[in-house]
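Structure first, commentary second.
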Amino acid sequence: MKSERDPLPRHIAIVMDGNGRWAQKRKRPRTFGHQAGQKSLRQIVEHCGQIGVPELTVFAFSSENWSRPRQEVSRLMELFLRALDKEARELDENDVRIRFIGDTGAFTPELQEKMTQAQARTSKNQHMKLNVAVNYGGRWDIVQASRAIAAEAAAGRLSPERIDEAIFNRYTALPQSPDPDLFIRTGGEMRVSNFLLWQCAYTEYYFSPALWPDFSPAHLDAAIAEFQRRERRFGMTGEQARIEAG
Ligand code: IPE
Ligand code: IPE
Ligand code: MG
């Protein structure tokens, strides 16, 4: 039997999908949905802070999203820019540490500067970590880690025989984070869309039909409750896993 004391996920990953459809249902432009999605993110971060989820990684812009209509991409960039100042202050007040993961060099210097500032401003915060994936792709992450490792090896600082999973992990975008326990995708699609491929090898997947702007703290609680009902076996038998879990 599972009880209320079942552990909370130590790290939740979320693919925040469905903004465009949410807006289209209201006969509004897709970017209206992205704006509404920001509000949803604010609520979910706050809720995680309140219930004690220590780390959240959200997919805000994928390396594939550059393929969207130019106008949507530039509106998204404007929204990020505007959100950064305001949200960074609020996150700081709530003791949240923000980090951006992804190939951020592709953004305008102004946006990069604001990201750096938000990271610096919140770098000492302890209560919760928020990682925002922008121009992120799981395959990009694996390739950039491999490139960095190869450079170390070529420079004679790392011998190829020493490379194992723990060392490889140090070169990925989330070297200090536990792997996500729970992966949530909103918007009804059941795919990974190149999110945290390396990190989610043993993560529990949860797909919600709710469009991201409709995804509320109650939806998150439902996802966590479902997570707590799952039995994670990590390759063991059920019996072994139950002994291991105590
Ligand atoms: C997710 O919502 C936000 C981004 C990818 C930036 P979508 O914009 O993908 O919304 P749908 O899937 O078209 O409804
Ligand atoms: C994934 O959503 C990326 C983000 C939520 C930022 P997409 O809407 O881009 O994914 P696909 O295109 O449906 O796979
Ligand atoms: Mg989508």
Side-chain angles (χ1 to χ4, degrees), residues 11-45 48 55-84 86-87 98-108 111-112 114-115 118 130-144 172-174 177 180 182-200 203-216 219-220 223:
H11 183 180
I12 300 180
I14 307 184
V15 178
M16 308 183 290
D17 195 26
N19 294 348
R21 278 164 286 162
W22 185 90
Q24 278 162 344
K25 264 174 45 182
R26 286 161 180 77
K27 309 250 181 304
R28 302 291 296 268
R30 294 176 54 85
T31 51
F32 181 66
H34 296 315
Q35 236 168 308
Q38 259 180 33
K39 213 195 260 168
S40 213
L41 176 58
R42 205 177 304 135
Q43 282 180 354
I44 292 299
V45 173
C48 283
E55 184 157 8
L56 184 63
T57 301
V58 296
F59 209 2
F61 191 83
S62 75
S63 42
E64 289 73 31
N65 287 145
W66 295 109
S67 313
R68 297 212 173 174
R70 215 166 41 156
Q71 223 194 350
E72 179 168 343
V73 172
S74 63
R75 266 303 276 148
L76 271 168
M77 297 300 142
E78 270 172 47
L79 275 175
F80 288 153
L81 206 54
R82 253 199 288 143
L84 268 169
K86 185 167 170 272
E87 306 294 341
I98 191 169
R99 271 205 209 106
F100 295 93
I101 61 165
D103 193 0
T104 53
F107 295 112
T108 62
L111 202 46
Q112 289 186 53
K114 291 236 191 280
M115 289 182 199
L130 171 65
N131 310 307
V132 181
V134 284
N135 194 21
Y136 178 88
R139 286 185 171 178
W140 164 83
D141 198 357
I142 293 168
V143 169
Q144 69 78 26
T172 64
L174 291 172
S177 307
L182 174 61
F183 172 111
I184 298 172
R185 181 174 183 139
T186 65
E189 310 294 354
M190 296 193 203
R191 54 177 170 258
V192 176
S193 298
N194 199 15
F195 198 25
L196 303 162
L197 300 179
W198 166 263
Q199 294 85 353
C200 288
T203 299
E204 295 295 328
Y205 284 74
Y206 179 90
F207 296 96
S208 168
L211 303 172
W212 175 247
D214 291 327
F215 193 80
S216 65
H219 287 98
L220 183 70

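The shown structure was predicted, so the numbers you read here are calculated from the model rather than taken from an experiment. Start at 1 and go down the list; that is how both ligands and their atoms are numbered. Quick note: residue numbers are just sequence positions, from 1.
No N or O atom of Ser62 sits closer than 3.5 Å to an N or O atom of ligand 2.
Heavy-atom neighbours of Gln71 CD from other residues, nucleotides or ligands within 6.0 Å: at or below the threshold of 12. Atom CZ of Arg26 is surrounded by more than 12 heavy atoms from other residues, nucleotides or ligands within 6.0 Å.
Remark: ligand 2 atoms within the under-4.0 Å shell around heavy atoms of Phe61 are 6 (C). Near Arg21, meaning under 4.0 Å from one of its heavy atoms, ligand 1 places the atoms 11 (P), 12 (O), 14 (O). Ligand-side atoms of ligand 2 in range of Arg191: 11 (P), 13 (O), 14 (O), range being under 4.0 angstrom from any heavy atom. Near Arg68, with a cut-off below 4.0 Å to any heavy atom, the atoms of ligand 2 are 7 (P), 8 (O), 9 (O). Close approach of ligand 1 to Met16 (heavy-atom distance below 4.0 Å) involves ligand atoms 1 (C), 2 (O), 3 (C). With ligand atoms numbered from 1 in the order given, ligand 1 contributes 5 (C) to contacts under 4.0 Å with heavy atoms of Asn65. Ligand 2 places these atoms under 4.0 Å from at least one heavy atom of Val15: 1 (C), 5 (C).
In this structure, Glu189 does not count as a contact residue of ligand 2, since none of its heavy atoms falls inside 4.0 Å of the ligand. In this structure, Gly18 is part of the shell of residues with a heavy atom less than 4.0 angstrom from ligand 1. Remark: distances from the non-hydrogen atoms of Arg185 to ligand 2 include one below 4.0 Å.
Of the possible polar contacts, one joining the Asn135 side chain to the Asp103 backbone as a donor-acceptor pair under 3.5 Å is found. Using modelled atom types, one side-chain atom of Asn65 and one backbone atom of Ser62 make a donor-acceptor pair closer than 3.5 Å. Of the possible polar contacts, none joining the Asp17 side chain to the Gly187 backbone as a donor-acceptor pair under 3.5 Å is found. Side-chain N or O atoms of Arg185 include one that pairs as donor or acceptor with a backbone N or O of Arg191 at under 3.5 Å. The backbone N or O of Gly37 sits less than 3.5 Å from a side-chain atom of Trp212, completing a donor-acceptor pair.
Arg75 and Glu72 are not joined by a salt bridge, as no carboxylate oxygen comes within less than 4.0 angstrom of a charged side-chain nitrogen.
Atom 10 (O) of ligand 1 has Gly20 N, 2.9 Å as its closest protein atom, hydrogens excluded (heavy atom only). Protein heavy atom closest to atom 7 (P) of ligand 1, with residue, atom name and distance, is Asp17 OD1, 3.5 Å. Atom 3 (C) of ligand 1 has its closest protein heavy atom at Asn19 ND2, 3.6 Å. Among all protein heavy atoms, the one lying closest to atom 14 (O) of ligand 2 is Ser193 OG, 2.6 Å. Looking from atom 6 (C) of ligand 1 to the surrounding protein, the closest heavy atom is Ala60 O, 3.4 Å.
Side-chain contact check for Thr31 and His34: no donor-acceptor pair (N or O, by modelled atom type) lies under 3.5 Å.
Ring pair Tyr136/Phe195 is perpendicular by interplanar angle, where above 60° counts as perpendicular and below 30° as parallel. Between Phe107 and Trp66, the ring planes are tilted. Angles from 30° to 60° get that label.
Remark: atom 12 (O) of ligand 2 lies closer than 4.0 Å to no protein heavy atom.
Taking the Mg ion (ligand 3) as reference, Asp17 places its N/O/S atom OD1 nearest.
Of the heavy atoms in Gln24, none comes closer than 4.0 Å to ligand 1. At a heavy-atom cutoff of 4.0 Å, ligand 1 is contacted by no atom of Leu211, backbone or side chain.
Put simply, the side chain of Leu220 reaches to within 4.5 Å of the side chain of Ile184, judged on heavy atoms.
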